[in-house]
Structures are given as structure tokens and as C-alpha cells.
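The next block holds one structure in the form of C-alpha cells; read it before the comments.
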Amino acid sequence: MAIKQKILYFYLTIACFVGLIAIFIVDGYLGVYDTLYVPMGEREEKIEADQWQQWSQWERAEIGWGERAFFRYEVDNRQFSTYSANVAVSVWRSREKVRDLLSQSVSIAPFDKEEVEWVVDTTELLPTGVSLEGRPVEYTIVINRGEIERKVIFTIFGYAKVPSPPR
């Protein structure tokens with residue numbers, strides 16, 4: 001009888017161990033995750049869900065004046081149900097909204113992904129007659145997806161003078 005009890009306890013221990021491992025795998029995988037691809041000079045940087053706060057504190061996307069920067073935002077639905085939300089992207093400077101870049105609804109099937117893209121044209125952001133004169137100008141891209149808000153700071157750098165409009 002004692003041997004059967006020891007075997008039973010052994011199997012219960014293995015079942016608990018397997019259950020704990022399964023919980024960690026499911027908890028770490030299921031959910032809705034987002035990834036942003038930002039321009040960093042000549043290359044593209046990937047910001048994943050667990051890097052948002054650290055990245056926006058220490059790093060900046062870099063865009064030269066007169067360039068167009070292409071951003072990609074990927075929403076990964078790792079749930080058993082369809083995920084729907086509105087994605088709104090805007091550019092801010094000194095806590096004032098400069099312009100809206102995108103407003104799009106996404107509906108993502110279970111265990112599927114959807115990608116949203118937008119372009120930032122630096123010539124449209126600086127006011128007329130303003131010169132960069134070698135000083136970088138910082139802007140913030142704010143991404144709202146349902147209840148989630150993400151921020152990325154990007155810097156426009158360059159030496160070009162913004163031309164005045166013809167009269």
C-alpha cells in the first residue's frame with residue numbers, strides 16, 4: 001500500500017509541475033501585443049511590447065529634415081476571440097497636437113496579426129519660415145489603440161532652411 005501511495009504522490013507532483021509550466025507558457029503567450037517599427041537613420045528599429053517605456057526614455061527615432069519617415073505598427077492578437085479597436089496616430093510638439101496622421105479601425109481574427117502604416121513628412125511639420133540651423137527639433141508620435149496609449153519621440157535634424165511660401 002505504501003508503494004502505491006508513493007507512486008500516486010510522484011504522479012501528482014509531475015502533474016503539478018506540468019501544470020505550472022503550462023500556466024507560464026499560456027500566460028506569457030496569450031493576449032494582444034503590439035510592435036512598432038521606427039526609422040533610425042538608415043535602418044529600422046523594432047520596439048516590442050515589453051520595450052516601450054525603456055525605449056521612449058533613452059532612444060529617439062532620427063529623421064533628417066526634408067525626408068519622409070515610414071512607420072509600421074503591428075498588432076498581434078493571441079486570443080481565442082476576435083480583437084477590434086480603433087488605432088489613432090498623431091504628432092505632438094510641446095504638448096500641443098500638430099496633426100493627426102491616421103485613424104483606422106482594426107478587426108483581427110484569433111491568432112492573427114494586422115499591420116498599420118503611416119508616413120511622417122518632415123517638411124509638413126515645421127512652421128513656415130522656421131530654420132533648423134543645426135538644432136534638432138523633437139516631436140512625439142502618440143499611438144492610441146483602444147485603451148492603450150504609446151508614445152515615441154523622434155528628432156528632426158538637419159541644416160536646411162525651410163523655404164517661405166511664394167507671395
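In this structure, Leu12 CG and Ile7 CD1 are separated by 12.0 Å, a value rounded to the nearest 0.5 Å. In this structure, CD on Glu48 lies 11.5 Å from CG on Leu36, to the nearest 0.5 angstrom. Between the CD atom in Glu124 and the CG atom in Leu101 there is a gap of 9.0 Å [rounded to 0.5 Å].
Annotation for Gln104 and Asn86: closest pair O-OD1, 3.0 Å, computed over non-hydrogen atoms. Minimum interatomic distance between Glu114 and Ser107 (heavy atoms only, all atoms of both residues): OE1-O, 3.5 Å. Ser90 approaches Asp100 most closely through the heavy-atom pair CB-OD1, 3.5 Å. In terms of heavy atoms, Thr35 sits closest to Lys46 at CG2-CG, 3.6 Å.
For the 3.5 Å distance criterion, the side chains of Arg150 and Tyr73 fail to qualify, holding no donor opposite an acceptor. For the 3.5 Å distance criterion, the side chains of Arg78 and Tyr83 fail to qualify, holding no donor opposite an acceptor.
The shortest distance between side-chain heavy atoms of Val32 and Val75 falls below 4.5 Å. No side-chain heavy atom of Phe71 sits under 4.5 Å from any side-chain heavy atom of Val119. Contact annotation: the side chain of Val116 approaches that of Leu102 to within less than 4.5 Å [non-hydrogen atoms, C-beta and beyond]. Side chains of Asn77 and Asp112 form no contact here, defined as non-hydrogen atoms less than 4.5 Å apart. Proximity of Thr13 to Tyr11: side-chain heavy atoms (C-beta onward) are nowhere separated by under 4.5 Å. Residues Ile141 and Val120 have side chains in contact (heavy-atom distance under 4.5 Å, counting atoms from C-beta outward).
Cluster annotation: Val142 is not connected to Ile153 through the hydrophobic network of ILVMFWY side chains, with a link wherever side-chain heavy atoms come within less than 4.5 Å. Cluster membership check: Ile47 shares its hydrophobic cluster with Trp118, using side-chain heavy-atom separations under 4.5 Å among Ile, Leu, Val, Met, Phe, Trp and Tyr.
In this structure, Tyr37 has its ring center no closer than 6.0 Å to that of Phe70.
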Item to check | Stepwise salt bridge (Lys or Arg N to Asp or Glu O under 4.0 Å) check, Glu138 with Arg93 | outcome: CA-CA 7 Å; Glu138 286 191 347; Arg93 180 160 191 254; over 6 Å; no
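Under 4.0 Å is where a charged nitrogen must lie from a carboxylate oxygen, and between Arg72 and Glu117 no such pair does.
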